Amino acid sequence: MSQPVRIPDGFVEELKARIRPSDVIGRKVKLTKKGKEWVGLSPFTNEKTPSFYVNDQKRIFKCFSSGTGGDVINFIMETERLTFMEAVEKLAEEAGMQLPKASPEAAEAYDHRKRLVAACEAAANWFEDRLRSAEGAAARTYLDGRGLSPDAWKRHRLGYAPDDWRRTRAHLLAEGFTDAELIAAGLIKESDKGGEPFDFFRGRLMFPITDVRGAVIAFGGRGLTPDAKPKYLNSGDTELFHKSGVLYRYKAAREALGAGEGGGLIVCEGYMDAIALTEAGFGQAVAPLGTALTEDQLQLIWKAGPEPVMCFDGDRAGLGAAYRALDRALPFVEPGRSVFFVLLPDGMDPDDLIRARGAGAMGEELDRRLPLSELLWRRERDAEPLDTPERQAGLEARLMAACGQIRHGGVKSAYERDLKSRLRDHMWALRDAKRSNSYRKGRPATGQNPAEGEDAQAALKQRQFEKIGGLRSVILAIDNPALLAAGAELLAQWAPPDEDVAHLRDAVLDLAKDGIPIDRTAVAAHLGNSGHIRAASLLKKYRGIPQKVADAPEVREWLIALEQDVAKRRTGELETGSGMDSASVDPTLSPQDWRRQHQMVAERRALRARVSEASSKRSDS
């Protein structure tokens, strides 16, 4: 509601003189009197020993653990992520001081907006009261089913709009508001048939929407019957509210960040997701209001923290929302400002995941968030098969076109380098898999992945998984993760002949590197987050392999087969001239292999000896 006015000389000093810092700061920090000062735990760090001091005589605070300090205005700006003018307006209202008005017209507009805000606040109180009344039973039943307690209703100011055409209007008129004010606030609508205005929200669970200062300016309403149309209904745009520039829970989430809960907001898709995240301990959760993320909303998100996390549902619609958010953010990334993404597993939304698996599982998903550059790469890589030079060129063109959207020159160049490197490494991996397949089959590679085409689909349907090269070797490691103690290094060096099998192998190694217990559920979730749906399908359809003891024949054969394959591939590369002593260099080699070429020449004899020894062991067994 701030008006762009010039603050007169002395206004701020008078404001600070009227407010005792310990009163304002004490609402957010538990303070203890110590001599002439107050002391408490820092709201900016997770310290155990108090190093945060407030001095009412000097009207300042100082946090020695973070180095932050200043006056009470600085404190409000830091903890609530407000601008200077927003903080001054907030404190002036508390102190009973009127901000100067630019003109009589501006003063009138300011007072009118205050009346509309008051009407919305009165409506929020009314809806809260109705939720706890007999007519709110259906809404209470719904909230109970979502696992929300009455304390949670109160924290989020949830309410119920009576299923009546004019009950809310009658109540607010009795509170002293006029029809014109209620129409302007979006609480009632004029009748097209010339009758009396009627309530905008009827028979709905109500979510109050606040501005950056916490004032209620609009509402969202969820229908409670199967035939409710639409399922979610938001206030229309008003003098107070433009949904493209507002986020649900924005003020509360900014305060959570100011209290040290992280470096960026968590942006989810809906009201209930934001509430579920908050109740699970992730207080920095916000949600757009039923629309794709807008540029104005994105700027609000970055204002709160430089590296927000976009947390979307794990279904096709959620992936589409993530891609749209990526495209929206890409032009504006710069040093110290980007976006991360979480794609939840098994088609779940945050509320589903938290209720099914707990807050810890949600925290693990957030820890595995993807940088914007990674999601961009995966989207373009998986957009179409890369089985022809034209399609490979198309991938490069799409990646470079995306880089061209970035306005910051330095970040644009960094993205170009990163994506070209990914492209080069991926093309090398595809060609290397084809070469390995040709070694194994004894014939030239065809360029078609065994998991693609009609034959492979038939193999899947008949569970003839032996037709997919290397699949059993990876599944054996997934179902028997103890094998990795002896075979992880060989598994990492192995080049699977099928791209989907390679994705499975990479998922196993990623989980092992991160110290995450390996089982089918964890690997499937990792594949889902990575967008490798086909690989996840292979894992799901492959029958379980019983546990094997360490010296079982199949385990020995597994290790020997991996060692032989790695040795054969390296020896084959040396014999075809990929060593440092070759007259030409293979342009498809990865950067890591370029640096290792000189080692290959020295290893040649040792590798041949190991192949011979492995063959001998296999014969003996």
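Computed from a predicted structure; not experimentally measured.
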[Y] backbone acceptor or donor facing [X] side chain under 3.5 Å:
| X | Y | result |
| --- | --- | --- |
| Arg249 | Gly283 | yes |
| Glu269 | Asp313 | yes |
| Glu47 | Ser42 | yes |
| Glu374 | Pro371 | no |
| His242 | Gly245 | no |
| Asp352 | Asp349 | yes |
| Asp237 | Lys243 | yes |
| Asp199 | Thr168 | yes |
| Arg167 | Pro162 | no |
| Thr238 | Gly186 | no |

Sole residue of Arg20, Arg213, Arg27 in salt bridge (charged side-chain N to carboxylate O under 4.0 Å, His left out) with Glu94: Arg27
Among Arg155, Arg157, Lys154, salt bridge (charged side-chain N to carboxylate O under 4.0 Å, His left out) partner for Glu128: Arg157
Within this structure, what is the [atom1]-[atom2] distance for the pair [X] and [Y], rounded to the nearest 0.5 Å?
| X | Y | atom1 | atom2 | result |
| --- | --- | --- | --- | --- |
| Thr210 | Tyr248 | OG1 | OH | 8.5 Å |
| Ile266 | Met310 | CD1 | CE | 11.5 Å |
| Glu121 | Leu116 | CD | CG | 13.5 Å |
| Leu372 | Ile406 | CG | CD1 | 8.0 Å |
| Arg132 | Leu158 | CZ | CG | 8.0 Å |
| Glu181 | Arg115 | CD | CZ | 4.0 Å |

Quick one: are [X] and [Y] in side-chain contact, heavy atoms under 4.5 Å?
| X | Y | answer |
| --- | --- | --- |
| His156 | Phe207 | no |
| Leu172 | Ile188 | no |
| Phe61 | Thr68 | yes |
| Met362 | Leu353 | yes |
| Val342 | Arg368 | no |
| Glu78 | Phe75 | no |
| Arg169 | Phe198 | no |
| Arg254 | Val212 | yes |

Worked check of side chain to side chain contact (heavy atoms under 4.5 Å, CB included) between Leu265 and Leu257: CA-CA 7 Å; Leu265 298 178; Leu257 282 177; 3.4 Å; yes
Report yes or no: do [X] and [Y] form a side-chain donor-acceptor pair below 3.5 Å?
| X | Y | result |
| --- | --- | --- |
| Tyr271 | Asn234 | yes |
| Asp56 | Ser22 | yes |
| Asp151 | Ser149 | no |

Worked verdict on Arg379 versus Asp327 for salt bridge (Lys or Arg N to Asp or Glu O under 4.0 Å): CA-CA 11 Å; Arg379 179 181 73 176; Asp327 291 331; 3.0 Å; yes
Centroid-centroid distance, Phe200 to Phe219, less than 6.0 Å: no
If you look at every heavy atom in [X] and [Y], which pair is closest and at what distance?
| X | Y | result |
| --- | --- | --- |
| Lys62 | Gly67 | NZ-O, 3.4 Å |
| Ile217 | Phe241 | O-CB, 3.8 Å |
| Glu196 | Ser191 | O-CB, 3.7 Å |
| Ala522 | Pro517 | CB-O, 3.6 Å |
| Pro50 | Leu41 | N-CD2, 3.6 Å |
| Ser338 | Trp302 | O-NE1, 2.9 Å |

Evaluation steps, side chain to side chain donor-acceptor pair (under 3.5 Å), between Asp227 and Thr225: CA-CA 5 Å; Asp227 59 346; Thr225 58; 2.8 Å; yes
Crowding at CD, Gln299 (>12 non-hydrogen neighbours, <6.0 Å): yes
Within 6.0 Å of NZ in Lys33, more than 12 heavy atoms from elsewhere: yes
Steps toward salt bridge (Lys or Arg N to Asp or Glu O under 4.0 Å) verdict (Arg369, Glu307): CA-CA 11 Å; Arg369 59 189 179 272; Glu307 293 186 338; 5.9 Å; no
Check against side chain to side chain contact (heavy atoms under 4.5 Å, CB included), Phe52 and Ser66: CA-CA 9 Å; Phe52 181 86; Ser66 66; over 6 Å; no
Check against side chain to side chain contact (heavy atoms under 4.5 Å, CB included), Tyr53 and Lys34: CA-CA 9 Å; Tyr53 289 83; Lys34 189 175 181 180; 4.1 Å; yes
Residue pair His112, Glu239: steps toward the side chain to side chain contact (heavy atoms under 4.5 Å, CB included) verdict: CA-CA 10 Å; His112 175 65; Glu239 298 172 48; 3.1 Å; yes
Pairing of Arg130 and Asp164 as salt bridge, 4.0 angstrom limit: no
Verdict with supporting geometry, Asp211 and Arg113, salt bridge (Lys or Arg N to Asp or Glu O under 4.0 Å): CA-CA 13 Å; Asp211 64 12; Arg113 288 170 63 86; over 6 Å; no
Whether His171 and Trp126 hold their rings parallel, tilted or perpendicular, with breakpoints at 30° and 60°: parallel
